Amino acid sequence: MSVDKVDKEQISKTVLELDKEFNERWSNGDNRGYLDAYTDDATYFEPAVKKMIVGKDKIIAWIDSIYFNEHIVRNEYLNPQVHVNGSSDFALMAYNLNTYILDEKGKEQLNCAWNTSHGYQLIDGQWRIVHSNWALTRTTTEETTS
């Protein structure tokens, strides 16, 4: 196995684990994992915004204005794919994410089903988010972040 292939496999694993860590924090009521990882000039899309949000401060302001802890009890990552560029300093990760909450009877129920992609760039030895896109797998008109 070539060094390049090993590096790309390790980067893919690292970025996916990092994203899962951010999402677990989010699910437990701490949205700072994702928010602290954005670069100053990051871009952001999600179903409730009419146009792309540009800049970490604006992304944080938007998410803080709509975020609430829905007590997500389980996340299901499906079909994760990570593409790493030739210089190994940029990774595009895409996956399907199902989030689950408990209903009034304490049974798990699907909360949201997402098509998600994040662009990660290696900056000063840390993987930072330069672009984030959250798309619901079903059409909705409601603002939601989980």
Side-chain angles (χ1 to χ4, degrees), residues 5-85 88-146:
K5 181 151 178 70
V6 171
D7 288 346
K8 289 183 178 186
E9 285 177 6
Q10 183 57 49
I11 290 167
S12 295
K13 181 179 176 184
T14 298
V15 169
L16 184 58
E17 287 175 1
L18 187 61
D19 199 82
K20 285 182 176 182
E21 174 189 316
F22 294 157
N23 201 31
E24 284 301 315
R25 287 177 63 183
W26 180 278
S27 296
N28 290 312
D30 176 10
N31 66 8
R32 297 337 272 185
Y34 279 117
L35 300 184
D36 291 344
Y38 286 116
T39 59
D40 289 341
D41 60 350
T43 51
Y44 178 89
F45 281 122
E46 62 127 294
V49 298
K50 290 183 173 42
K51 66 179 191 172
M52 180 172 56
I53 299 173
V54 179
K56 180 178 183 173
D57 292 341
K58 290 179 181 175
I59 295 168
I60 289 172
W62 167 252
I63 291 175
D64 280 346
S65 76
I66 64 170
Y67 178 77
F68 67 97
N69 181 3
E70 294 186 86
H71 304 289
I72 295 168
V73 295
R74 184 167 64 92
N75 294 296
E76 187 175 50
Y77 282 78
L78 305 169
N79 311 309
Q81 297 290 314
V82 180
H83 303 278
V84 180
N85 72 342
S88 298
D89 63 353
F90 184 83
L92 177 63
M93 180 181 55
Y95 55 91
N96 305 106
L97 176 69
N98 292 336
T99 63
Y100 294 87
I101 59 174
L102 298 179
D103 66 15
E104 62 279 349
K105 295 178 182 176
K107 284 187 68 178
E108 259 188 25
Q109 71 176 25
L110 180 65
N111 182 46
C112 286
W114 297 99
N115 297 322
T116 306
S117 60
H118 301 292
Y120 279 88
Q121 186 171 359
L122 188 61
I123 300 171
D124 297 327
Q126 290 188 317
W127 288 102
R128 306 286 306 278
I129 300 171
V130 296
H131 179 73
S132 186
N133 184 36
W134 295 87
L136 292 170
T137 59
R138 294 181 279 233
T139 305
T140 185
T141 57
E142 296 180 26
E143 295 178 353
T144 182
T145 60
S146 296

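Keep in mind the model is a prediction, meaning the values are calculated, not measured.
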(request) Could you give me the CA-CA distance, side-chain angles and deciding distance for Ile63 and Trp26, then say whether side chain to side chain contact (heavy atoms under 4.5 Å, CB included) is met? (result) CA-CA 11 Å; Ile63 291 175; Trp26 180 278; 3.5 Å; yes
Residues that [X] engages under side-chain hydrogen bond (donor to acceptor under 3.5 Å, both in side chains), provided they are two or more places apart:
{"X": "Ser117", "answer": "none"}
{"X": "Ser27", "answer": "Asn75"}
{"X": "Asp89", "answer": "Asn85, Ser87"}

Quick one: side chains of residues 121-129, donor-acceptor pairs under 3.5 Å with protein atoms, not counting sequence neighbours, listed by atom name and distance.
{"residue": "Arg128", "atom": "NE", "partner": "Ala37", "partner atom": "O", "Å": "3.1"}
{"residue": "Arg128", "atom": "NH2", "partner": "Tyr38", "partner atom": "O", "Å": "2.6"}

Quick one: are [X] and [Y] in side-chain contact, heavy atoms under 4.5 Å?
{"X": "Asp64", "Y": "Leu35", "value": "yes"}
{"X": "Ile60", "Y": "Asn31", "value": "no"}
{"X": "Ile101", "Y": "His71", "value": "no"}

(message) Checking Phe90 now: which residues fulfil ring pair (Phe, Tyr, Trp, His ring centres under 6.0 Å) with it, not counting sequence neighbours?
(response)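 With neighbours one apart ignored, the set is empty.
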(request) Quick one: list whatever passes ring pair (Phe, Tyr, Trp, His ring centres under 6.0 Å) with Tyr34, sequence neighbours left out. (result)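 With neighbours one apart ignored, the set is Phe22, His118, Trp134.
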Say you draw a straight line from [atom1] of [X] to [atom2] of [Y]; how long is it, rounded to the nearest 0.5 Å?
{"X": "Ile11", "Y": "Ser88", "atom1": "CD1", "atom2": "OG", "result": "4.0 Å"}
{"X": "Asn23", "Y": "Asn28", "atom1": "CG", "atom2": "CG", "result": "9.5 Å"}
{"X": "Leu102", "Y": "Asn111", "atom1": "CG", "atom2": "CG", "result": "10.5 Å"}

Identify, with sequence neighbours excluded, every residue that meets side chain to side chain contact (heavy atoms under 4.5 Å, CB included) alongside [X].
{"X": "Asn115", "result": "Asn96, Ala135, Thr137"}
{"X": "Lys20", "result": "Leu16, Tyr77"}
{"X": "Asp41", "result": "Thr39"}
{"X": "Asp36", "result": "Arg32"}

(request) Give the minimum heavy-atom separation between Ser65 and Trp62, together with the two atoms involved. (result)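 Looking at all heavy atoms of both residues, the shortest contact is OG-O, 2.6 Å.
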(message) For Tyr44, is there any backbone N or O sitting under 3.5 Å from a side-chain donor or acceptor partner on Ser132?
(response)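 Not confirmed, Ser132 side chain does not pair with Tyr44 backbone.
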(message) Can you tell me which residue among Leu136, Thr116, Ile66 is in a side chain to side chain contact (heavy atoms under 4.5 Å, CB included) with Glu46?
(response)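 The side chain to side chain contact (heavy atoms under 4.5 Å, CB included) with Glu46 is passed solely by Ile66 among Leu136, Thr116, Ile66.
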(message) Taking salt bridge (charged side-chain N to carboxylate O under 4.0 Å, His left out) as the definition, give me every residue that meets it alongside Glu108, ordered by chain and number, with sequence neighbours left out.
(response)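 Applying salt bridge (charged side-chain N to carboxylate O under 4.0 Å, His left out) to Glu108 gives Arg74.
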(message) List the residues meeting salt bridge (charged side-chain N to carboxylate O under 4.0 Å, His left out) with Asp30, not counting sequence neighbours, and say none if there are none.
(response)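 Partners of Asp30 by the salt bridge (charged side-chain N to carboxylate O under 4.0 Å, His left out) criterion, ordered by chain and then number, come out as Arg25.
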